[in-house]
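One structure is given below, encoded as structure tokens.
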2 protein chains.
Amino acid sequence: MSTSLTVSQLAKQLEISADTVRHYVRSGLISPERDPENGYKRFKGEDIKRLHFILQAKSLGFSLADIQTIMDQASHGESPCPQVRVIMEARLKETAAKIAAMQATYKQMQDAMQRWQTQPDCTPTGEHICHLIEGFSHQADNFKQEGCCHE
Amino acid sequence: MSTSLTVSQLAKQLEISADTVRHYVRSGLISPERDPENGYKRFKGEDIKRLHFILQAKSLGFSLADIQTIMDQASHGESPCPQVRVIMEARLKETAAKIAAMQATYKQMQDAMQRWQTQPDCTPTGEHICHLIEGFSHQADNFKQEGCCHE
DNA sequence: CTTGACCTGTGTGTTACTCACAGCTTTATA
DNA sequence: TATAAAGCTGTGAGTAACACACAGGTCAAG
Ligand SMILES: [Zn+2]
Ligand SMILES: [Zn+2]
Ligand SMILES: [Zn+2]
Ligand SMILES: [Zn+2]
């Protein structure tokens with residue numbers, strides 16, 4: 001039948017993994033009918049439309065929980081747009097914060113790598129585990145813990 | 001006694017949460033002695049030094065699994081430096097990739113928000129869940145799925 | 001001795017999947 | 001036709017790095 005698709009058929013069509021499709025079903029985002037003969041999931045037009053929506057929303061930064069909320073609201077006949085705008089604003093800020101944090105870490109990593117370029121390998125002692133890592137904070141002054149392990 | 005610290009004392013001293021300290025213990029990164037009287041964890045010099053190392057490594061982008069590996073190697077008397085360099089290179093690439101991906105998403109989000117600025121709220125129909133999200137891909141052409149839900 | 005604040009260990013929840021696995025179907029081969 | 005190999009299915013469990021919940025233990029004040 002071309003009126004309903006199996007998990008892997010649907011997955012292939014939307015270029016996602018079958019496990020991802022199953023995940024959305026288990027999470028309650030999609031609720032396909034079941035084939036009475038073997039219990040297999042059978043996706044029809046409605047389900048495919050929902051999955052399509054899910055993927056679009058995900059690409060815009062919405063979480064699955066967000067998407068669930070939006071769909072629930074829409075199925076109650078209420079306009080989800082106001083919620084969408086609110087959630088989006090929050091996700092936008094979150095994403096900006098995450099990017100900033102990761103960029104900071106990235107800089108730390110680069111600095112360390114450069115510093116390590118010229119440093120020789122060490123042997124761990126009771127005092128030190130790895131000079132590369134431990135030496136970093138002394139120069140970069142990340143941790144101003146007074147109980148710092150050495151010097 | 002000042003020779004050993006409890007979970008919360010140690011947490012406060014290193015400015016991390018007590019739960020985080022407990023997490024590291026449960027993960028096997030630190031193995032403090034136990035107070036025979038009440039079973040409480042008792043952190044001594046060695047443990048504190050290890051935790052100090054963990055935090056430094058974490059700030060450089062190492063995962064807890066990485067750190068475990070490095071510490072194990074060091075405790076076997078082998079120099080962990082070569083491993084450290086290898087792992088760091090991998091994490092550096094990963095981080096760069098993550099940042100790039102997040103920035104791409106961020107741009108998508110911004111574009112969508114701007115487009116939505118002037119659009120009115122909608123009412124969900126059988127055809128659509130939310131025009132804001134569904135309308136996006138038609139203009140941005142994210143999903144060139146031929147079975148797109150409308151038009 | 002009791003009240004209350006604080007602290008403890010442990011069990012469970014979080015995000016968005018991904019993997020493992022036993023079993024059923026379909027296809028290919030002899 | 002028998003049978004073996006390949007492929008697909010649903011479900012249970014695992015991942016990273018903690019955060020939270022909660023019953024019970026500890027300690028100072030009254
Ligand atoms: Zn080293
Ligand atoms: Zn140090
Ligand atoms: Zn809408
Ligand atoms: Zn569409």
Side-chain angles (χ1 to χ4, degrees), chain A residues 1 4-43 47 51 54-69 71 87 90-91 94-95 97-98 101-102 105, chain B residues 1 4-43 47 51 54-69 71 87 90-91 94-95 97-98 101-102 105:
Chain A
M1 305 264 177
S4 75
L5 300 175
T6 69
V7 168
S8 59
Q9 285 169 341
L10 179 58
K12 189 172 296 181
Q13 197 169 107
L14 293 191
E15 296 182 327
I16 58 181
S17 83
D19 275 327
T20 298
V21 174
R22 294 197 189 96
H23 175 59
Y24 294 159
V25 174
R26 278 200 281 202
S27 305
L29 292 173
I30 325 174
S31 301
E33 289 179 3
R34 296 305 179 114
D35 188 327
E37 285 188 23
N38 49 23
Y40 286 11
K41 303 172 179 75
R42 293 194 315 187
F43 298 89
D47 306 313
L51 181 50
I54 292 169
L55 296 181
Q56 286 175 143
K58 238 173 55 73
S59 82
L60 288 175
F62 292 90
S63 72
L64 295 188
D66 293 339
I67 297 170
Q68 179 77 278
T69 301
M71 287 171 132
I87 294 172
R91 296 286 168 267
E94 287 174 14
T95 304
K98 274 186 202 169
M102 293 203 66
T105 299
Chain B
M1 305 266 176
S4 75
L5 301 176
T6 69
V7 168
S8 59
Q9 285 170 340
L10 179 57
K12 189 173 295 179
Q13 197 169 107
L14 293 190
E15 296 183 327
I16 57 181
S17 84
D19 273 328
T20 298
V21 174
R22 294 198 188 96
H23 175 60
Y24 294 160
V25 174
R26 278 200 282 201
S27 306
L29 292 173
I30 325 172
S31 301
E33 288 180 3
R34 296 305 181 117
D35 188 327
E37 285 189 23
N38 49 22
Y40 287 10
K41 302 171 179 75
R42 292 194 315 188
F43 297 88
D47 306 312
L51 181 50
I54 292 168
L55 296 180
Q56 287 176 143
K58 238 172 56 74
S59 82
L60 288 176
F62 291 91
S63 72
L64 296 188
D66 292 340
I67 297 170
Q68 179 76 280
T69 300
M71 286 171 129
I87 295 172
R91 296 285 167 268
E94 285 174 15
T95 305
K98 276 186 200 167
M102 293 204 67
T105 299

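Being a predicted model, the structure only gives us computed values, none of them experimental. Each chain gets a letter, A, B and so on, in the order its sequence line appears, and its residues count up from 1.
- The distance between atom CG of A:Leu5 and atom C1' of D:dT9, rounded to the nearest whole Å, is 15 Å.
- Proximity note for B:Tyr40 (side chain, C-beta onward) versus C:dT8, C:dT18, D:dG10: the nearest is C:dT8.
- Across the protein-nucleic acid pair, A:Leu51 atom CG and C:dA16 atom C1' stand 14 Å apart, rounded to whole Å.
- Nearest to the side chain of A:Val7, among C:dT18, D:dG10, D:dA21, sits D:dG10.
- The NE2 atom of A:His23 lies 10.0 Å from the OG atom of A:Ser17; values are rounded to the nearest 0.5 Å.
- If you measure from atom CZ of A:Arg34 to atom P of D:dT9, you get 12 Å, rounded to the nearest angstrom.
- In this model, no donor atom of one side chain and acceptor atom of the other lie less than 3.5 Å apart for A:Thr69 and A:Asp66.
- With rounding to the nearest 0.5 Å, the separation of CG in A:Asp47 from CZ in A:Arg42 is 11.0 Å.
- What you find for B:Ile54 and B:Ile67 is that their closest heavy atoms are O-CD1, 3.7 Å.
- For B:Lys41, a side-chain nitrogen or oxygen approaches OP1 or OP2 of C:dG9 to under 4.0 Å.
- Looking at heavy-atom distances under 4.0 Å, B:Asn38 makes contact with sugar-phosphate atoms alone, never a base.
- Out of D:dC18, D:dA19, D:dT9, the shortest distance to the side chain of B:Tyr24 is found at D:dC18.
- A close approach under 4.0 Å does not occur between any side-chain nitrogen or oxygen of A:Ser17 and OP1 or OP2 of C:dC17.
- Residues A:Val21 and A:Leu14 fail the side-chain proximity criterion, which asks for heavy atoms closer than 4.5 Å.
- Contact between the side-chain N/O atoms of B:Thr20 and the OP1/OP2 oxygens of D:dA17 is not found at any separation under 4.0 Å.
- Computed from coordinates, the B:Arg91 CZ to D:dA16 P distance equals 10 Å when rounded to whole Å.
- Among the protein residues, A:Ser27 comes within range of no part of the nucleic acid, since none of its heavy atoms lies under 4.0 Å from any strand.
- Between A:Thr6 and the phosphate of D:dC8, there is no side-chain N or O to OP1/OP2 separation shorter than 4.0 Å.
- Nearest nucleotide to the B:Arg26 side chain, out of C:dT10, D:dA17, D:dT9: C:dT10.
- When rounded to the nearest whole Å, the span between NE2 of B:His23 and P of C:dT8 equals 18 Å.
- The distance from atom CD1 of B:Ile16 to atom P of D:dA19 is 10 Å, rounded to the nearest whole Å.
- Distance from the side chain of B:Arg22 is smallest for C:dG9 among the nucleotides C:dA16, D:dC18, C:dG9.
- In this structure, the CD atom of B:Glu37 is 16 Å from the C1' atom of C:dC7, given to the nearest Å.
- Atom C1' of nucleotide C:dG9 and atom CZ of B:Phe43 are separated by 12 Å, given to the nearest angstrom.
- Proximity of B:Lys58 to the phosphate of D:dA16: no side-chain N or O atom is located under 4.0 Å from OP1 or OP2.
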